[in-house]
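Numbers for residues simply follow the sequence, beginning at 1.
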Amino acid sequence: MRIGELARLAQLSPKAIRRYEALGLVAPGRHPNGFREYDEHTVRLVQEIRTLNRLGIPVEETRPFLDCLATGSEHVDDCPASLAEYRRTIDALTTEIEALTARRDALTDRLRDAAHRTTRMLPWPETVSARQPSGRAGEIETPAEPTELKQT
């Protein structure tokens with residue numbers, strides 16, 4: 001089958017399949033005219049890569065799973081190297097979750113502190129930028145000290 005049919009069966013773009021090929025994860029045959037020729041085994045490989053990637057495993061890290069199939073295993077995770085990659089990915093997710101939890105807790109603390117102040121803050125200046133001078137997106141410049149208005 002040609003790349004378009006493989007892409008349709010695997011629910012991927014032809015560009016993604018070419019990327020897998022460039023990474024050496026799939027190796028199509030070639031017709032004399034240079035067209036790629038894919039077989040049913042390749043359909044399985046790209047579907048497994050897609051599934052693993054959706055679980056958070058980077059495409060580049062799927063090789064242990066594909067190697068497991070190449071050894072004759074029925075499932076991509078029947079081999080110790082696949083299990084080790086699952087563990088590594090779970091550990092990375094756990095670290096990320098802990099960091100996100102700490103950020104959320106810090107924001108919650110700041111929100112609680114701000115909500116309990118006895119003074120009202122004046123509105124933020126209209127000139128607040130959506131970028132730091134460093135050019136990093138997502139961070140907002142804030143005045144050194146907001147102006148406070150005492151309640152009367």
Intermediate values then yes/no, salt bridge (Lys or Arg N to Asp or Glu O under 4.0 Å), Asp109 and Arg112: CA-CA 5 Å; Asp109 290 345; Arg112 185 185 57 245; 3.1 Å; yes

message: Could you go through Asp91 and Thr94, starting from their C-alpha distance and side-chain angles, then the distance that decides it, and tell me whether this counts as side chain to side chain donor-acceptor pair (under 3.5 Å)?
response: CA-CA 5 Å; Asp91 290 345; Thr94 300; 5.3 Å; no

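More than 12 heavy atoms of other residues, nucleotides or ligands sit less than 6.0 Å from atom CZ of Arg30. By the 6.0 Å contact criterion, CD on Glu96 is open, its count of non-hydrogen atoms from other residues, nucleotides or ligands being 12 or less.
Listed by chain and number, the residues in a salt bridge (charged side-chain N to carboxylate O under 4.0 Å, His left out) with Glu60 are Arg19 (sequence neighbours excluded).
Pro64 approaches Ser82 most closely through the heavy-atom pair O-OG, 3.5 Å. Taking both residues in full, the closest heavy atoms of Ser13 and Ala7 are given as C-CB, 4.0 Å, listed atom of the first, atom of the second, then distance.
The existence of a salt bridge linking Glu40 and Arg44 is excluded, since no basic side-chain nitrogen approaches an acidic carboxylate oxygen closer than 4.0 Å. Electrostatic pairing of Glu21 and Arg36 counts as a salt bridge here, judged by a charged N lying under 4.0 Å from a carboxylate O. Between Glu85 and Arg88, at least one side-chain nitrogen of the basic residue sits less than 4.0 Å from a carboxylate oxygen of the acidic one, meeting the salt-bridge criterion.
The line from OG1 of Thr62 to CZ of Arg50 is 13.0 Å long, rounded to the nearest 0.5 Å. For the atom pair CG (Leu111) and NE2 (His116), the distance works out to 9.5 Å, reported to the nearest 0.5 Å. Distance check: His75 NE2 to Glu48 CD gives 9.5 Å after rounding to the nearest 0.5 Å.
With a 4.5 Å cut-off on side-chain heavy atoms, Cys68 and Asp77 do not count as touching.
A donor-acceptor pair shorter than 3.5 Å cannot be found between the side chains of Asp105 and Thr108.
Think of Tyr86 as one node in a network of Ile, Leu, Val, Met, Phe, Trp and Tyr side chains linked at under 4.5 Å; its network also takes in Met1, Ile3, Leu6, Leu9, Leu12, Ile17, Tyr20, Leu23, Leu25, Val26, Tyr38, Val43, Leu45, Val46, Ile49, Leu52, Ile57, Val59, Phe65, Leu66, Leu69, Val76, Leu83.
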